[in-house]
Each structure stands twice: as structure tokens, then as C-alpha cells.
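Following: one structure in C-alpha cells, then a few remarks.
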Amino acid sequence: MKIALLPGDGIGPEIVREARAVLDVVGDKFGHSFSYTTHLIGGIAIDETGEPLPQATLDGCRDADAVLLGAVGGPKWDDPKAKVRPEQGLLAIRKGLGLHANLRPVRVLPELAAASPLKEERLRGVDILFVRELTGGLYFGQPRFREVVDGRRRAVDTLEYTEEEIRRVVRLAFRLAGTRRGLVTSVDKANVLESSRLWREVAVEVGAEFPQIRLEHQLVDSCAMRIVTSAASFDVVVTENMFGDILTDEAAVLAGTLGLLPSASLGEGTRGLYEPIHGSAPDIAGKGIANPCGTILSVAMLLRHSLGLEREAATVERAVSEAVASGARTADMGGSLSTVAMGDAVRSRVT
Ligand code: IPM
Ligand code: MG
């Protein structure tokens, strides 16, 4: 089984190293052999090749069964006037691999509830799976440009969705809800946006294919509120690209730390891209104190969704929960373990 590693920038290389070591332990314990190739993406790719996503990286990913990515970006490449930016590498790889659905599970480990700024009673039982549309909407819509008209600057982005783009991601949300608590919350802004009215219409059509799953609609603004007031009432939340971007950062606060949250980006086949939802954390890069758990839990999703290894995936998830329950904590979780020591704490529990 071939895994393409894209460490990227900032803390990316440190956390990907730990997660890869977890995969190796899983391989040993369960008798699988994983082979790895490593490729450039983001700022480091700009420095070395001039492009945030070199063709060789895309080819390497297409040739792999799954892709594990660290993070991209950093102050060095942040000039708003720059022609190329590390983040373009991320958008291009999502589009290039046709990864139209982004799964972001948010669970609250009871031991970490106190680390969340929200009251503990609001966190009890939170277990949400966000399904964010990833290759459409405002991020990719055309036209998109900037111009100067009569000496005044003007900029345009476009929010466009076709029914096919909506249907495939909403269908996935329904299928996943069938393996969970059977509720899909479709989030839109149908009281204002035409694209949202189409989204809602298609969600209802898809809902008819899944009579055993409950469908509810929620406007994005009130959804943002419900995330902090009664997050436990959600099961699967499906929404368009930018709403999903915003809501998933908000929901990450529930878990107490961004450092624990994984993601999977999926397309038509089984090949997927897996990455923690946090960024490259340039302030702590190279210090060896980053939390590797978001990447390790992304490895669990990789085992489940791309390699079909459910037992192995569940073992890794259990190992992370047990490590945290036993008191293993990096700085973001209020502890003092190094990245490597946290990785070891997890690996020693992969049994
Ligand atoms: C995310 C990030 C990216 C996004 C950025 C870095 C382009 O915020 O994965 O949520 O907006 O999709
Ligand atoms: Mg984001």
C-alpha cells in the first residue's frame, strides 16, 4: 500500500514524521506493509520549484493509494501581493485529485472538556461529523477578478453550484449518517442565496432516497449559534465550501484544542487526502512541541476510508483516546510532552 507524504511547512514535517511512525507500528502489529514517497507542497515547494503544487507532487499523489499532508503556509510567504501562495497548493491538490468532500469529525474527549472555553455541560455528548463540499462554491467559481473602474478598485468572486456537485456530497452525508445516528443537517442560506435554494432542493431530493435518515435544514447563521449552544444535537452536518470552512473552525473550539482534529478529503474512488485541520503553526515550528494527534487521527481516517482497514483505524483512535486519558498532553492540551513523546504515548498503545 503506497502512501504519499506531503509534510509541507512549519510544524508539518514534525507531525507527519510521528504519524508515519504510527502507520509503521500498525503495519508491524497487523501484518501490512506500507511504502512511502515524499513530495513538496506549499511554501517549501515555492522555494524549491517556484510553484506551490509542482506537477511531480500531483503525479506522486495520483500514483499513491492515499496522501498524508502536514500543513502549508507561513509568514515568509504571506505577502498579499505575492503571485503564488502556499494555500494555492492546497486548493490545487484538492481540485487536481477531485476531492469534493471534506470530512471533519469533532468529538469532545471528556478529559479535555475543561480545556474548552465553553461550559462543560454544553460539551457533553458532542460527536459531529462535518461534511464540507470542497471543490466548488466561492473558492472556485468563475468569474473571479479584480479591476479598476474609473479609478476605483473592484473585485468579484462567484458562488456557483451545479446540482451534480450538490448531490454527490449530500449523498455521501446521508450514507455516513446511516452508519451513525441517522440525522443529516443541511446548512445553507436559502433565505438569501439562489445557490442555497438549489442546495436545499437537491438535499430534499437526496433525502427521498434515504427514508430511514432524518433530514433537517438550518440557516448558516443560526447553525453557528447552535454549535456553541447545543452542539450535541448535531450528527452529520453537510454544507457548501465556505460555510464549512467557517463552521468547522468554530466547532473545533468545542474540542478544547485544534491540535486533536483530523480530516479526510474524498472523491469518487478510494484515494483520499488526510490532514490535521490545524495550520502550520510557524510560531512553534522546529521546537518539537506540536501536537501530532490531529495527524495521527488523520492516519486513522486514512486506514478506514482509503485502505478499508476499519479494525486498524479503530485501534489508532482508541490509542489516542487512551493516551490522553492517561494524562499524556502536549502544550496545546495544557501539558508539556514533546511531539515525539506524545507520538510514543500513542504508539505504545497500538496493540
Ligand atoms: C482549511 C483551510 C484552507 C481552506 C485554506 C488554508 C485555503 O482554512 O482547510 O480549512 O480555506 O480550505
Ligand atoms: Mg479553514
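Quick caveat: nothing in here was measured; it's all calculated off a predicted structure. Residue numbers run from 1 in the order of the sequence given.
Judged purely by distance below 3.5 Å, without hydrogens or angles, the side chains of Thr162 and Arg167 never pair a donor atom with an acceptor atom. In this model, no donor atom of one side chain and acceptor atom of the other lie less than 3.5 Å apart for Ser263 and Arg104. Inspection of the Ser321 and Glu317 side chains reveals no N or O donor paired with an N or O acceptor under 3.5 Å.
Residue pairs satisfying the side chain to side chain donor-acceptor pair (under 3.5 Å) criterion with at least one member in residues 2-11, sequence neighbours excluded, are listed as follows: Lys2-Asp63. For residues 125-141, the set of pairs meeting the salt bridge (Lys or Arg N to Asp or Glu O under 4.0 Å) definition, not counting sequence neighbours, comprises Arg107-Asp127, Asp127-Arg180, Asp127-Arg181, Arg132-Asp245.
Between the Thr158 side chain and the Glu160 main chain, no donor and acceptor come within less than 3.5 Å of each other. Looking only at distances, no side-chain donor or acceptor of Asp150 sits under 3.5 Å from a matching main-chain atom of Arg152. No donor-acceptor pair under 3.5 Å is formed between the side chain of Arg329 and the backbone N or O of Gly334. The main-chain N or O of His217 is never found under 3.5 Å from a side-chain atom of Ser186 such that the two would form a donor-acceptor pair.
Cluster membership for Tyr161 and Val204, using ILVMFWY side-chain heavy atoms within less than 4.5 angstrom, is shared. Note on Met301: it does not cluster hydrophobically with Leu69, by side-chain heavy-atom contacts below 4.5 Å among ILVMFWY residues. Cluster membership for Ile166 and Leu134, using ILVMFWY side-chain heavy atoms within less than 4.5 angstrom, is not shared. No path of Ile, Leu, Val, Met, Phe, Trp and Tyr side chains, each step under 4.5 Å between heavy atoms, connects Leu5 with Val72, placing them in separate hydrophobic clusters.
Within 6.0 Å of CZ in Arg197 there are more than 12 heavy atoms belonging to other residues, nucleotides or ligands.
Checking Leu219, Val220, Leu193 one by one against Asp188, the side chain to side chain contact (heavy atoms under 4.5 Å, CB included) holds for a single residue, Leu219. Of the residues Leu90, Thr37, Ile93, Leu68, the one that meets the side chain to side chain contact (heavy atoms under 4.5 Å, CB included) test with Leu6 is Ile93. Evaluated for a side chain to side chain contact (heavy atoms under 4.5 Å, CB included) with Val67, the options Leu97, Ile3, Leu302 yield exactly one hit, Leu97.
Take Val84 and apply the side-chain contact (heavy atoms from CB on, under 4.5 Å) test, not counting sequence neighbours, and it matches Ile46, Pro52, Gln88.
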Show every donor-acceptor pair shorter than 3.5 Å between a side-chain atom in residues 109-116 and any protein atom, with sequence neighbours excluded, or say none if there are none.
residue	atom	partner	partner atom	Å
Ser116	OG	Leu118	N	3.1
Ser116	OG	Val253	O	3.2

Distance-only criterion, 3.5 Å: show the donor-acceptor pairs between side-chain atoms of residues 266-277 and protein atoms not counting sequence neighbours.
residue	atom	partner	partner atom	Å
Arg271	NE	Cys61	O	3.2
Arg271	NE	Ala64	O	3.2
Arg271	NH2	Arg62	O	2.7
Tyr274	OH	Ser306	N	3.4
Tyr274	OH	Ser306	OG	2.7

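To the nearest 0.5 Å, atom OH of residue Tyr139 and atom CD of residue Glu240 are 9.0 Å apart.
Across every non-hydrogen atom of Ala328 and Met333, the tightest pair is O-CE, 4.1 Å.
Alongside Leu40, the hydrophobic cluster contains Ile44 (criterion: ILVMFWY side chains under 4.5 Å).
Salt bridge status for Glu312 with Arg304: absent, with no side-chain N to carboxylate O gap under 4.0 Å. Using a 4.0 Å cut-off between charged nitrogen and carboxylate oxygen, Glu121 and Lys119 do not count as a salt-bridge pair.
Below 30°, between 30° and 60°, or above 60°: for His32 and Phe30 the angle between ring planes is below 30°, a parallel geometry.
Cation-pi contact between Lys189 and Phe243: absent, since separation from the ring centre below 6.0 Å together with deviation from the ring axis within 45° is not met.
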For Thr330 and Thr339, what are the C-alpha separation, side-chain angles and deciding distance, and is it a side chain to side chain contact (heavy atoms under 4.5 Å, CB included)? CA-CA 7 Å; Thr330 42; Thr339 306; 5.6 Å; no
